[in-house]
Every structure is written in C-alpha cells, then in structure tokens.
Asker: 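Structure provided below as structure tokens; questions to follow.
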Amino acid sequence: MKILAVDTATRSCSVGLIHCSKPIVEIFIATGQTHSKHLPEQIRKVLEISGLRISDIDGFAVTKGPGSFTGLRIGISTIKGLVVAVQKPFVGISSLQTLAMQGAGTRSLICPLLDARKGEVYSSRYRFDGRQLVQERPESVSDPCSAVRGIAEPCLFIGDGAVLYKEMIEMEIGRYARFVPDCQNMIHAVTVALLAEKRFSAGDQIDVAGFTPSYIRRSDAEK
C-alpha cells in the first residue's frame, strides 16, 4: 500500500511516502515559515522523486493535532482536497502518538510533549508492549510541571516541549528523565504514514466531510 502523509502540527513541515511499510521519500522543512508556502511544492516533489502520480496513492494521512491551530488547518485542508479529488481512503493521526512512536526501541515510559505556548504543553503518556504502542494517559494541555508530575520511573521525553522545558523536567523528576536526539523531537511524516498503514489494514478510515482537528483546547477567538 502506498501512503502519502503530511505533518503541519508544529513549526516543522514534512511530507512522506511509504510503500508496504518501507519509507520511500520524505521532505522535511523547519524554517518556521508558514506551511502554506512550502506544502504544495513538497507534495509535488515527493511524487516526482517517487515516480508516482497522485492517483497512484492508495491512502492519505495527516496529523490531526494537537498542535498549531493554523498549521493543522493548512495540512488538513490540503489533504482533504487531495482525498476528494482522487477518492482514496484517509485517516487522521495524533501528533503526540506519532512522537511516541518515534521513541520505538525503549522499554521506558514515553512522554511526548508539544509546546502549546502560553507556558503550557500538550502531553500524553505511552509505553511499548512488545511492538504495540499503548496509550496510558489521555491527551491533555497543562503547565509542564503538571504534565510530568508523578513520574517515578525512567521516562523518555520527546517533542519540542521536551526541548523547551528540559531543565524544568530534570528539576521535577531528576534521574528518571531521559531525552532523545534532536532529530527525533520533530514529527516525521513517514512515521505518520506507518501509523496510518496499521489503521488502513484494520479497515479504518475517516469521512472527509466530518473530520475536524483535535485542538484539545479552544482558540483565543472561541474564548
């Protein structure tokens, strides 16, 4: 199965393509510029490098949040347009679950943290049971101390929130804190695609018309 995935949940923007669980192409940009400036060209380039047309793609995936409200809308609207055009299946993948998946190989608790701004982070907790990634705590938004409070075992922190609040995390839980290399702190679209592949294999797909981002908290305008 050929799956094209997009991530625009944070300051980085990536487009990835996998075929039968194998990464084929990924284009990753972390300039901090608006994703709408680069995303269409990234998709075009991924298809060009792979030698495929958009009609050759078997399924699409996008990070559904939490993350940047504007970024999520750009990625989701772009993928929705492609899905409607070629009538292929589509799923939304949690940005926190994607980060946790990038911690594969550890036996420790995994705590993905995304910067939610205003001194807060989006967080959850996961653990690998064999090859299966299991969620142990619902996604939430809180101050960083609350997000890590109560952790009393080795824990792998991953995501831009882990980078931003590293010193605070170390002060809060001390020797239990573990951190990944910088390259793993950014969401990779090929990881989104790999998680989507499992969903497609299980017969899961989302209705495009009814799909909405997972913002976790309300926007300032809604407040």
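Because only heavy atoms are used, hydrogens play no part in the values below, and waters and symmetry mates are left out as well, while side chains stay in.
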Asker: Quick check with a 6.0 Å cut-off and a 45 degree axis cone: is Lys166 positioned over the face of Phe179's six-membered ring?
Answerer: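 Yes, Lys166 lies over the aromatic ring of Phe179.
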
Asker: Considering residues at least two apart in sequence or located in another chain, which fulfil the side-chain hydrogen bond (donor to acceptor under 3.5 Å, both in side chains) criterion with Gln87?
Answerer: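 None.
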
Asker: Donor-acceptor check, side chain of Glu172 to backbone of Cys145, threshold 3.5 angstrom: yes or no?
Answerer: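 Looks like no, no N/O pair under 3.5 Å.
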
Asker: Any luck finding a side-chain donor-acceptor pair between Glu26 and His188 under 3.5 Å?
Answerer: yes

Asker: Nearest 0.5 Å please: distance from the CD1 atom of Ile151 over to the CZ atom of Arg137.
Answerer: 7.5 Å

Asker: For the hydrophobic clusters of this structure (ILVMFWY residues joined by side-chain heavy atoms under 4.5 Å, transitively), does one cluster hold both Tyr165 and Leu99?
Answerer: no

Asker: Between CD of Gln102 and CE of Met186, what distance do you get to the nearest 0.5 Å?
Answerer: 9.5 Å

Asker: Would you name the heavy atoms of Ile110 and Gly103 that are closest together and state the gap between them?
Answerer: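 Closest approach of Ile110 to Gly103, heavy atoms only: CD1-O, 4.0 Å.
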
Asker: Can you tell me if CE on Met171 sees more than 12 non-hydrogen neighbours from other groups inside 6.0 Å?
Answerer: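 Count not over threshold, so no.
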
Asker: Do Val62 and Ile29 share a hydrophobic cluster, counting only Ile, Leu, Val, Met, Phe, Trp and Tyr and linking them when any side-chain heavy atoms are less than 4.5 Å apart?
Answerer: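 Hydrophobic grouping puts Val62 apart from Ile29.
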
Asker: Answer yes or no: is there a side-chain heavy-atom contact under 4.5 Å between Thr63 and Ile187?
Answerer: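 The answer is yes, as the side chains (C-beta and beyond) meet within the 4.5 Å cut-off.
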
Asker: Under the criterion ring-ring contact (aromatic ring centres under 6.0 Å, His included), which of Phe200, Phe60, Phe211 is the partner of Phe90?
Answerer: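 It is Phe211; the other options fail the test.
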
Asker: How close do Ile169 and Ala177 get, counting heavy atoms only, and between which atoms?
Answerer: CG2-CB, 4.1 Å

Asker: Just checking, is any N or O donor in the side chain of Thr10 or Ser12 under 3.5 Å from an acceptor N or O on the other one?
Answerer: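 Side chains of Thr10 and Ser12: pair found under 3.5 Å.
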
Asker: What verdict does the side chain to side chain contact (heavy atoms under 4.5 Å, CB included) test give for Arg199 and Ile93, after you've listed the backbone C-alpha separation in whole Å, the side-chain angles of each residue and the deciding distance to 0.1 Å?
Answerer: CA-CA 9 Å; Arg199 297 267 299 276; Ile93 302 295; 3.4 Å; yes

Asker: Are Ile173 and Val163 connected in a single hydrophobic cluster, I mean Ile/Leu/Val/Met/Phe/Trp/Tyr linked by side-chain heavy atoms less than 4.5 Å apart?
Answerer: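 Cluster IDs for Val163 and Ile173 differ.
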
Asker: So Ser77 and Lys80, do their side chains get closer than 4.5 Å, heavy atoms only?
Answerer: no

Asker: What heavy-atom pair brings Ala162 and Ile158 nearest, and what distance separates the two atoms?
Answerer: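 Minimum heavy-atom separation between Ala162 and Ile158: CB-N, 3.8 Å.
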
Asker: Please name the pair of heavy atoms, one in Arg217 and one in Phe69, separated by the smallest distance, quoted to 0.1 Å.
Answerer: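 Distance-wise, the nearest heavy atoms are O-CZ, 3.2 Å.
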
Asker: At their closest point, which heavy atom of Phe28 faces which heavy atom of Ser14, and how far apart are they?
Answerer: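 Where Phe28 meets Ser14 most closely, the heavy atoms are CD1-CB, 3.5 Å.
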
Asker: Taking it one step at a time, do Asp160 and Asn185 satisfy side chain to side chain contact (heavy atoms under 4.5 Å, CB included)?
Answerer: CA-CA 6 Å; Asp160 61 5; Asn185 285 312; 5.8 Å; no

Asker: Side chains of Thr78 and Val6: does their closest heavy-atom pair fall under 4.5 Å?
Answerer: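 A side-chain contact is absent here, since even the closest heavy-atom pair is not under 4.5 Å.
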
Asker: Mark yes or no for whether Asp129, through its side chain, and Gln132, through its backbone, hold a donor-acceptor pair below 3.5 Å.
Answerer: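 No: the side chain of Asp129 does not pair with the backbone of Gln132.
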
Asker: Would you mind reporting whether Leu17 and Leu52 have side-chain heavy atoms less than 4.5 Å apart?
Answerer: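 Answer yes - side chains close enough.
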
Asker: Give the cluster check for Val121 versus Leu96: same hydrophobic cluster or not, with ILVMFWY residues linked at side-chain heavy-atom distances below 4.5 Å.
Answerer: no

Asker: Atom CD of Gln33 and atom CZ of Arg11: how far apart are they, to the nearest 0.5 Å?
Answerer: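 Taking CD in Gln33 and CZ in Arg11, the distance rounds to 10.5 Å.
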
Asker: For the pair Asp58 (side chain) and Lys2 (backbone), establish whether a donor and an acceptor sit closer than 3.5 Å, ignoring hydrogens and angles.
Answerer: yes

Asker: Is any side-chain heavy atom of Val180 closer than 4.5 Å to a side-chain heavy atom of Thr106?
Answerer: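 Sidechains of Thr106 and Val180: no contact.
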
Asker: Surrounding CD of Glu167 (heavy atoms of other residues, nucleotides or ligands, distance under 6.0 Å), is the total greater than 12?
Answerer: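 No, because the 6.0 Å sphere around CD of Glu167 holds 12 heavy atoms or fewer from other groups.
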
Asker: Walk me through it: do Val86 and Ile57 pass the test side chain to side chain contact (heavy atoms under 4.5 Å, CB included)?
Answerer: CA-CA 9 Å; Val86 297; Ile57 302 301; over 6 Å; no

Asker: Can you measure from CZ (Arg73) to OH (Tyr215) and round to the nearest 0.5 angstrom?
Answerer: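 Rounded to the nearest 0.5 Å, the CZ-OH separation comes to 4.5 Å.
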
Asker: Please examine the side chains of Lys37 and Thr31, heavy atoms only from C-beta on, and report whether any two atoms are closer than 4.5 Å.
Answerer: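 No, side chains not in contact.
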
Asker: Under the 3.5 angstrom rule, does the side chain of Ser95 hit a backbone N or O of Gly65 as a donor-acceptor pair?
Answerer: yes

Asker: Scan Gln135, Glu136, Glu139 and name whichever one has a side chain to side chain donor-acceptor pair (under 3.5 Å) with Ser124.
Answerer: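 Testing Ser124 for a side chain to side chain donor-acceptor pair (under 3.5 Å) against Gln135, Glu136, Glu139 leaves exactly one candidate, Gln135.
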
Asker: How long is the span from the CG atom in Leu133 to the NZ atom in Lys198, to the nearest 0.5 Å?
Answerer: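 Reported value, rounded in 0.5 Å steps: 7.5 Å.
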
Asker: Kindly say whether Cys155 contributes a backbone atom to a donor-acceptor pair with the side chain of Ser108 at under 3.5 angstrom?
Answerer: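 The answer is no, because no donor-acceptor pair under 3.5 Å joins these two groups.
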
Asker: According to a 4.5 Å side-chain heavy-atom criterion applied to Ile, Leu, Val, Met, Phe, Trp and Tyr, with indirect links allowed, do Leu156 and Leu109 form part of one hydrophobic cluster?
Answerer: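 Different hydrophobic clusters.
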
Asker: Heavy-atom count check: over 12 atoms from other residues, nucleotides or ligands less than 6.0 Å from Asp207 CG?
Answerer: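 More than 12 heavy atoms, drawn from other residues, nucleotides or ligands, come within 6.0 Å of this atom.
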
Asker: Is there a donor-acceptor contact under 3.5 Å from the side chain of Arg131 to the main chain of Phe128?
Answerer: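 It does not hold such a pair.
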
Asker: Check Ser21 against Glu197 and note the closest heavy-atom contact, atom names and distance.
Answerer: OG-OE1, 2.6 Å

Asker: Between Lys64 and Thr212 (side chain of the first, backbone of the second, donor and acceptor by atom type, cut-off under 3.5 Å), is there such a pair?
Answerer: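 No, because the side chain of Lys64 does not come within donor-acceptor range (under 3.5 Å) of the backbone of Thr212.
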
Asker: Output the distance between atom CG (Leu113) and atom CG (Leu164), rounded to the nearest 0.5 Å.
Answerer: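 Those atoms lie 10.0 Å apart.
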
Asker: Using the side chain to side chain donor-acceptor pair (under 3.5 Å) rule, take Ser36 and Thr34 through it: C-alpha gap first, then chi angles, then the decisive distance, then the call.
Answerer: CA-CA 5 Å; Ser36 60; Thr34 177; 3.2 Å; yes

Asker: Please determine whether side chain to side chain contact (heavy atoms under 4.5 Å, CB included) holds for the pair Phe157 and Val148, giving the CA-CA distance in whole Å, both sets of side-chain angles, and the decisive distance to 0.1 Å.
Answerer: CA-CA 10 Å; Phe157 292 93; Val148 306; 3.5 Å; yes

Asker: Output yes when Glu48 and Arg44 qualify as a salt bridge under the 4.0 Å nitrogen-oxygen rule, no when they do not.
Answerer: yes

